[in-house]
Amino acid sequence: MTSQNSPQLSIPLHVKYIQSLGENQDDLIFHMTSHLRMNAIYWGLTAVSVMGHKDSLPRDQMVDYVMSCWDETAGGFGASPGHDAHILSTLSAIQILTMQDATDRLDVPRIVKFIVSLQQPSGVIAGDSFGEIDTRFLFCGILALSVLGHLHELDVDSAAGYIRRCKNFDGGYGAREGAESHAAQVFVCVAALAILGRLDEIDHETLGWWLAERQLPNGGLNGRPEKLEDVCYSFWVLSSMSILNKISWIDTDKLTEFILSAQDTEDGGIADRPGNQVDVFHTLFGVAGLSLLGYPGLEDLDPVYCMPAKLITAKGLKTNWQALPRRQA
Ligand code: GRG
């Protein structure tokens, strides 16, 4: 149980904070973050959905905005209107339109073609036509095709083979073959293998131990040894542990307290760590972590798709993950 002194999750304040984002379009920050806009809308929409307030954001305006980012030449979505298509923004667009029940707006054959065309002979997927590769992009492609019901169009054996070659001695995974294990890359590889039905590729005990080692004495989690804790790892680490059914290997009460302590209790939002500036990325991953920890009053989140669990279950895509049972308020 969370101690009597720790603050509660300020749901109305966090919803208000997310509603306020993008209000000030004259801000320099607004323009400096245009390359993240589509991701930010997905983070905000998922956060309010998990807090049970999906309708607090204007649906039709959001759907129209997503469609204004369509890159007709490439057949994918950019991060903002006029931006080139990228797998990161294409996945977020698909997730947003799925959550808003607006997938009828998607040109599915063209999007599938775009994603499949980015798969390299090694099995990994590039971010766009410029060819940068990363296990993140491989996961984005797998998740997107899975939600669209077109995973069979990808070479899934070679995708799984690439992830196998990224496995390190510590059981973790990195961004590319030979790269250091990092909790966020562990998540993308573990979640991709969950979607592919290849969890047997994972060294469950070694990776479970490495993930549990991410907890620091203050309850927060870091992304790799000798690094600082950060609220976002509450999702990257916990989601991986829930897929491996090992959440009980960490002190979940201390993690809950750590996430709650990173809230801005005056203006809403959650920061990377207590006292820092809040942002929508950490607000989503803090709330997502709390959902997996069974925090009262939140909706269930599917840790593989990072989308509302009831939506993924209704699509018949639920895998065998285990979160903590939802506690009563
Ligand atoms: C659908 C949830 C979802 C994700 C889509 C884009 C993506 C797939 C996943 C992103 C995974 C990723 C690599 C996140 C980065 C997390 C992060 C805070 C990295 C910071 O790395 P460092 O090295 O930080 O700056 P540390 O904590 O190691 O000091």
Side-chain angles (χ1 to χ4, degrees), residues 35-47 49-50 77 79 86-99 115 118 124-128 132-148 163 166 172-176 179-195 210-211 213-216 220-240 242-243 262 270-273 276 279-289 291-292 301-309 311-312 317 321:
H35 64 294
L36 291 172
R37 190 82 62 238
M38 189 72 83
N39 299 140
I41 296 170
Y42 156 71
W43 298 329
L45 177 62
T46 309
S49 300
V50 172
F77 288 90
H86 193 282
I87 193 101
L88 289 170
S89 36
T90 299
L91 170 63
S92 289
I94 293 167
Q95 290 176 299
I96 295 163
L97 296 184
T98 302
M99 287 190 265
I115 296 173
L118 294 173
V124 72
I125 289 179
D128 59 15
E132 185 193 0
I133 57 158
D134 188 312
T135 45
R136 267 181 312 158
F137 306 149
L138 181 53
F139 170 63
C140 290
I142 289 172
L143 195 165
L145 291 173
S146 166
V147 167
L148 295 175
I163 297 175
C166 291
Y173 298 85
R176 281 171 283 278
E180 176 193 9
S181 296
H182 184 286
Q185 306 291 159
V186 167
F187 161 72
V188 295
C189 292
V190 168
L193 291 171
I195 295 173
W210 187 87
L211 289 165
E213 286 285 306
R214 306 280 53 80
Q215 190 162 39
L216 298 173
L221 306 172
N222 66 11
R224 45 191 165 141
E226 307 298 329
K227 290 286 198 157
L228 287 178
E229 69 286 353
D230 182 321
V231 160
C232 73
Y233 297 114
S234 313
F235 176 75
W236 310 120
V237 172
L238 261 192
S239 53
S240 306
S242 70
I243 295 166
I270 302 178
D272 57 353
R273 54 188 78 88
N276 284 355
D279 60 71
V280 65
F281 175 88
H282 290 93
T283 303
L284 167 62
F285 293 116
V287 167
S291 174
L292 295 174
L301 176 90
D302 187 296
V304 173
Y305 290 82
C306 197
M307 290 165 73
L311 203 62
I312 297 303
L317 295 174
W321 50 268

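Computation of the quantities below employed the complete heavy-atom set of this structure, encompassing side-chain atoms and omitting hydrogens, waters and symmetry-equivalent molecules. Indexing begins at 1, ligand by ligand and atom by atom, following the structure's order.
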Nearest protein heavy-atom contact for [atom]: which residue, which atom, what distance?
| atom | answer |
| --- | --- |
| atom 2 (C) of ligand 1 | Cys306 CB, 3.7 Å |
| atom 13 (C) of ligand 1 | Gln185 OE1, 3.2 Å |
| atom 7 (C) of ligand 1 | Arg136 CG, 4.0 Å |
| atom 29 (O) of ligand 1 | Lys227 NZ, 3.1 Å |
| atom 26 (P) of ligand 1 | Tyr233 OH, 3.5 Å |
| atom 4 (C) of ligand 1 | Phe139 CE2, 4.1 Å |

Practice task
Would you please indicate yes or no on a ring centroid separation below 6.0 angstrom for His86 and Phe137?
Solution key: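 Ring centroids of Phe137 and His86 are less than 6.0 Å from each other.
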Would Phe235 and Phe187 count as a close aromatic pair, with their ring centres under 6.0 Å?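 Phe235 vs Phe187: aromatic centres under 6.0 Å.
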Quick one: which of His182, Glu180, Arg224 has a heavy atom closest to atom 23 (O) of ligand 1?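 The residue whose heavy atom sits nearest atom 23 (O) of ligand 1 is Arg224.
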- Message: Looking at non-hydrogen atoms alone, which of Ser92, Ala184, Ala183 comes nearest to atom 15 (C) of ligand 1?
- Response: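 The nearest heavy atom belongs to Ala184.
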N or O contact, Tyr305 vs ligand 1, cut-off under 3.5 Å: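 In this structure, Tyr305 places no N or O atom under 3.5 Å from an N or O of ligand 1.
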*asked:* So for ligand 1, is Gln95 a polar contact partner (N or O within less than 3.5 Å, distance only)?
replied: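 No.
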Open item on the list: Need the ligand 1 atom indices (1-based, order shown) with element for anything under 4.0 Å from a heavy-atom of Tyr42.
Closed with: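 Atoms satisfying the 4.0 Å criterion: 1 (C), 2 (C).
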query = Taking only heavy atoms of Cys232, which atoms of ligand 1 are found under 4.0 Å from at least one of them?
reply =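 What qualifies from ligand 1 is 18 (C).
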Determine the minimum heavy-atom distance between [X] and [Y], stating which atoms define it.
| X | Y | result |
| --- | --- | --- |
| Gly172 | Val186 | CA-CG2, 3.9 Å |
| Gly289 | Leu238 | O-CD1, 3.6 Å |
| Met99 | Ser49 | SD-OG, 4.5 Å |

Does ligand 1 have a heavy atom under 4.0 Å from the side chain of Ala175, from its backbone, from both, or from neither?
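Under 4.0 Å from ligand 1, Ala175 contributes no heavy atoms.
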Exercise for the section: Could you check whether the rings of Phe281 and Trp43 sit parallel, tilted or perpendicular, using 30° and 60° as the cut-offs? Expected result: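 Rings of Phe281 and Trp43: perpendicular, as their planes differ by over 60°.
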To the nearest 0.5 Å, what is the distance between CD1 (Ile270) and CG (Asp279)?
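Output value for this atom pair is 10.0 Å.
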Could you state the interatomic distance from NE2 (His182) to NZ (Lys227), rounded to the nearest 0.5 Å?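 Here the rounded value is 7.5 Å.
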In this structure, does ligand 1 have an atom that sits under 4.0 Å from one of the heavy atoms of Leu88?
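Yes, Leu88 has heavy atoms under 4.0 Å from ligand 1.
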Non-hydrogen atom of Met307 closer than 4.0 Å to ligand 1
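No, Met307 has no heavy atom closer than 4.0 Å to ligand 1.
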Between Asp134 and Gln185: side-chain donor-acceptor atoms closer than 3.5 Å =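 A pair is found: one side chain offers a donor N or O, the other an acceptor, under 3.5 Å apart.
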Practice task
Compute whether any side-chain donor of one residue and acceptor of the other, for His282 and Asp230, lie under 3.5 angstrom apart.
Solution key: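 There is such a pair (donor and acceptor under 3.5 Å, judged by atom type) between the side chains of His282 and Asp230.
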